[in-house]
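Notes follow once the structure below has been shown.
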Amino acid sequence: MADPIIDTVSPIDARRAAEALIVDVDGFEGPLDLLLTLSRTQKVDLRGVSILALSEQYLGFIDRAKSLRIELAADYLVMAAWLAFLKSRLLLPSEPGDEGPSGEELAAHLAFQLERLQAMRERAAQIMGRDQKGRDFFARGVPENIARTRRTTYTATLLDLMQGYARLRTRDDFRPYVMDRDRVLTLEQALDRMRPLIGFAGGWTDLSSYLPEGWEADPGLRRSATAATFAASLELAREGRIELRQAETYAPIQIRRKDSHG
Amino acid sequence: MAERDDEEETLFEAPPIAEQERMIEAIVFASAEPVGMAELNARLPLGSDAAEALVYLCKRYEGRGVTLVKVGDAWAFRTAPDLGFVMQKERVETRKLSRAAIETLAIIAYHQPVTRAEIEEIRGVSVSRGTVDQLLELEWIRFGRRKMSPGRPVTFVVTEEFLDHFGLESARDLPGLKELRAAGLLDNRPQPGNLPGAAGGEDDGDGDNGPEDQSEMFEE
Amino acid sequence: MAERDDEEETLFEAPPIAEQERMIEAIVFASAEPVGMAELNARLPLGSDAAEALVYLCKRYEGRGVTLVKVGDAWAFRTAPDLGFVMQKERVETRKLSRAAIETLAIIAYHQPVTRAEIEEIRGVSVSRGTVDQLLELEWIRFGRRKMSPGRPVTFVVTEEFLDHFGLESARDLPGLKELRAAGLLDNRPQPGNLPGAAGGEDDGDGDNGPEDQSEMFEE
């Protein structure tokens with residue numbers, strides 16, 4: 001009980017009702033379940049249930065719970081707000097400018113949901129009421145797997161696989177590998193950078209002039225950028241787009257566009 | 001059966017159908033799990049016809065204490081359900097399933113393939129991790145094909161083990177399936193506007209999985 | 001047999017002998033051990049005569065694919081001795097796949113087509129030749145199309161066989177991170193050994209193949 005004052009002030013039966021409600025709200029599996037239970041008090045087939053009356057019952061239930069200061073889960077309150085809205089839609093004639101579905105459409109869908117949930121519950125009970133293996137019927141007690149030859153095979157379950165993958169991915173939460181690329185110029189990046197530029201390389205130009213700005217100062221960055229740019233130039237040469245030359249060992253590498261010289 | 005005279009297969013003449021029946025009887029009897037048609041055909045001598053022999057075998061066990069049952073595309077011997085009362089000794093005590101688990105199972109069976117969101121929409125509450133876990137562990141459900149809808153959510157379907165456990169030949173034999181379909185209760189009826197109830201949140205406080213991160217890993 | 005009218009046992013009328021036979025058939029079938037006469041009599045309804053029913057049951061299985069045999073003082077079903085050859089399914093000794101192999105397989109499944117270099121980048125350790133070989137041998141992965149990137153590296157993809165083994169309809173049906181978490185499979189505790197900087201080791205001590213010799217085995 002949230003408030004001891006209520007205990008002393010309210011009559012015993014109100015307190016009992018409050019306790020019953022707590023138990024009941026706990027016993028319901030969400031607003032739809034509560035609605036389904038309330039709808040039984042109408043004693044009609046679910047297809048004929050009055051959604052308006054049901055909404056009022058639900059709102060009344062929520063009001064009582066509130067006045068008894070019972071804490072209700074948010075989704076019960078959301079449903080209450082929605083039902084209040086539905087009620088107003090059902091009671092007021094719709095105006096020409098009204099947007100969205102009509103009250104009747106909304107009510108029909110709620111009725112459908114209730115009927116569907118009820119149907120699923122009945123089927124669930126039917127399934128569980130069937131003869132079950134290990135309870136009503138049984139499999140062979142001593143499976144015979146007579147086997148003469150032996151072959152080793154490896155096995156893994158889908159769970160193993162998923163857990164393995166999850167393990168890797170969780171580790172990545174702590175070691176985001178993509179971040180490592182901050183200080184690395186990839187081959188793809190170098191290629192992307194060089195492709196548009198080589199159009200202008202009619203004459204021999206130093207490969208080092210193709211390094212991206214800002215990558216020359218820091219030795220680590222420069223090393224990565226040089227390697228990537230060099231690899232990219234090899235790739236472009238392989239594609240027949242450029243030619244490469246180097247005067248002697250350790251001399252600067254130069255490139256130029258190939259088509260300019262046939 | 002015996003009239004087949006595949007000239008190219010004279011070397012491996014199929015055994016008489018009665019022999020094939022005995023072989024299938026031995027194979028299926030020996031296994032606790034249902035034995036698939038493909039495995040039967042692979043284990044019978046070349047030229048055999050498991051499907052035909054099974055018809056005879058099935059008839060032979062009709063009304064016996066042990067009967068031949070079909071589970072999906074596989075076959076198994078199971079004791080006759082009406083004899084459950086003499087089988088107390090073999091009975092295995094199973095953990096009682098929660099109401100949520102039972103309902104979730106039924107929803108998956110009748111609506112499969114079904115996404116978690118759809119299950120939640122039908123039950124009106126979010127599906128707890130433990131519920132799905134328990135059903136996966138029992139091997140009554142498994143992951144099915146992804147839905148071709150935004151976010152490409154995974155779906156759940158029931159397994160052969162589920163069929164076997166509840167003595168169903170296929171998911172089409174679920175009780176009252178036709179009636180439900182006829183009543184439109186299996187339709188995927190879109191909601192007019194936004195109806196509450198299909199709670200979106202996780203009910204166990206595992207709040208770190210926004211809807212966006214399921215696509216994350218498949219995006220290139 | 002049906003002519004037995006035991007007037008002295010009208011209070012607990014024993015089931016017809018054919019029913020007793022069915023019960024024994026079910027009991028012996030489902031029992032994990034051969035069933036003795038005393039146990040049969042204890043489990044059958046009062047007034048039954050297990051010995052007599054067993055005679056009929058024994059006869060019924062004569063010449064069948066399975067036969068009722070006496071093991072010591074108890075009864076059990078056994079495959080007919082002449083059918084040993086259909087029971088000679090290779091004994092397959094199954095071993096758990098190593099963690100390195102599972103992780104590699106998972107990466108291929110989730111990221112296919114994927115190159116060896118990409119696998120190594122995700123795992124943070126180099127992939128040993130043995131691991132890839134094993135997966136190829138199991139026919140769970142195969143070579144895919146070469147990547148249209150420099151060096152045109154080969155890629156790996158998972159096979160039909162893989163989908164079959166893991167009960168998937170397509171690799172796209174593998175559950176995503178969100179779903180793994182929802183199913184409780186994602187352990188959120190960080191693994192101390194796998195914090196930043198732990199990368200670089202060989203996954204199974206097969207030290208002679210650093211990342212650089214990956215080309216060696218796949219280049220034609």
Side-chain angles (χ1 to χ4, degrees), chain B residues 19 21-30 39 42-45 57 60 63-66 77-80 82-90 116 127-130 132-133 136 142-146 151-155 157 159 202 204 206 208-218 220, chain C residues 15 18-32 35 39-40 42-45 48 53 57 60-61 63-67 77-89 110-111 166-186 188:
Chain B
E19 268 308 291
E21 195 194 317
R22 285 184 74 229
M23 293 172 195
I24 293 178
E25 187 179 23
I27 295 169
V28 179
F29 217 92
E39 188 180 342
R43 284 172 74 175
L44 290 189
L57 191 61
R60 184 180 296 274
R64 304 290 320 142
V66 173
F77 277 112
R78 298 287 178 252
T79 64
D82 67 304
L83 296 179
F85 70 100
V86 289
M87 311 297 293
Q88 289 100 335
K89 197 188 163 201
E90 268 68 41
R116 192 190 188 83
V127 175
S128 95
R129 164 205 300 213
V132 172
D133 225 14
L136 281 170
R142 63 172 177 87
F143 294 104
R145 194 179 279 281
R146 275 178 189 275
R152 309 212 54 231
V154 290
T155 60
V157 294
T159 60
E202 194 70 12
D204 48 13
D206 186 5
D208 58 346
N209 38 10
E212 69 282 349
D213 57 341
Q214 92 192 39
S215 52
E216 159 210 330
M217 44 201 309
F218 297 102
E220 233 60 302
Chain C
E19 269 308 293
Q20 297 180 30
E21 193 193 319
R22 286 182 75 227
M23 292 171 196
I24 295 178
E25 189 178 23
I27 292 170
V28 176
F29 171 84
S31 171
V35 190
E39 186 184 340
L40 281 177
R43 285 172 73 174
L44 291 190
S48 300
L57 190 61
R60 186 180 294 274
Y61 277 91
R64 301 297 318 146
V66 271
T67 55
F77 280 114
R78 292 284 181 262
T79 307
D82 67 309
L83 292 181
F85 70 98
V86 286
M87 306 303 295
Q88 268 184 28
K89 202 183 166 188
Y110 277 98
H111 295 267
F166 291 97
L168 294 163
E169 286 171 51
S170 96
R172 282 189 306 270
D173 298 332
L174 280 166
L177 269 195
K178 172 190 159 77
E179 293 138 352
L180 293 181
R181 217 170 255 141
L185 296 171
L186 206 65
N188 270 325

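Numbers restart at 1 for each chain; the letters A, B, ... are given by sequence-line order, proteins then strands.
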Worked verdict on B/Met87 versus C/Phe29 for side chain to side chain contact (heavy atoms under 4.5 Å, CB included): CA-CA 11 Å; B/Met87 311 297 293; C/Phe29 171 84; over 6 Å; no
Spacing of C/Arg22 atom CZ and B/Thr79 atom OG1 [to the nearest 0.5 Å]: 9.5 Å
Short side-chain to backbone donor-acceptor contact, B/Arg146 and C/Leu174, under 3.5 Å: yes
Under 4.5 Å from any heavy atom of chain C - which part of B/Phe85: side chain
Distance in Å, C/Thr67 OG1 paired with B/Glu25 CD, rounded so as to fall on 0.5 Å steps: 9.5 Å
Top contributor to chain C interface from B/Arg78, B/Glu90, B/Glu21 [non-hydrogen pairs under 4.5 Å]: B/Glu90
Donor-acceptor contact below 3.5 Å, side chain C/Arg43 vs main chain B/Gln88: no
Pick from B/Lys89, B/Met23, B/Arg64, B/Arg145 with the largest number of heavy-atom pairs that fall under 4.5 Å of chain C: B/Arg64
Contact origin within B/Leu83 toward chain C - heavy atom pairs under 4.5 Å: side chain
Portion of C/Phe166 that has a non-hydrogen atom of chain B nearer than 4.5 angstrom: neither
Shortest non-hydrogen contact from C/Ala26 toward B/Gly65: CB-O, 3.7 Å
Chain C contact via B/Arg142 - which portion, at a heavy-atom distance below 4.5 Å: side chain
Chain C contact via B/Leu57 - which portion, at a heavy-atom distance below 4.5 Å: side chain
Greatest number of heavy atom pairs closer than 4.5 Å to chain B - which of C/Ala32, C/Pro45, C/Ser31: C/Ser31
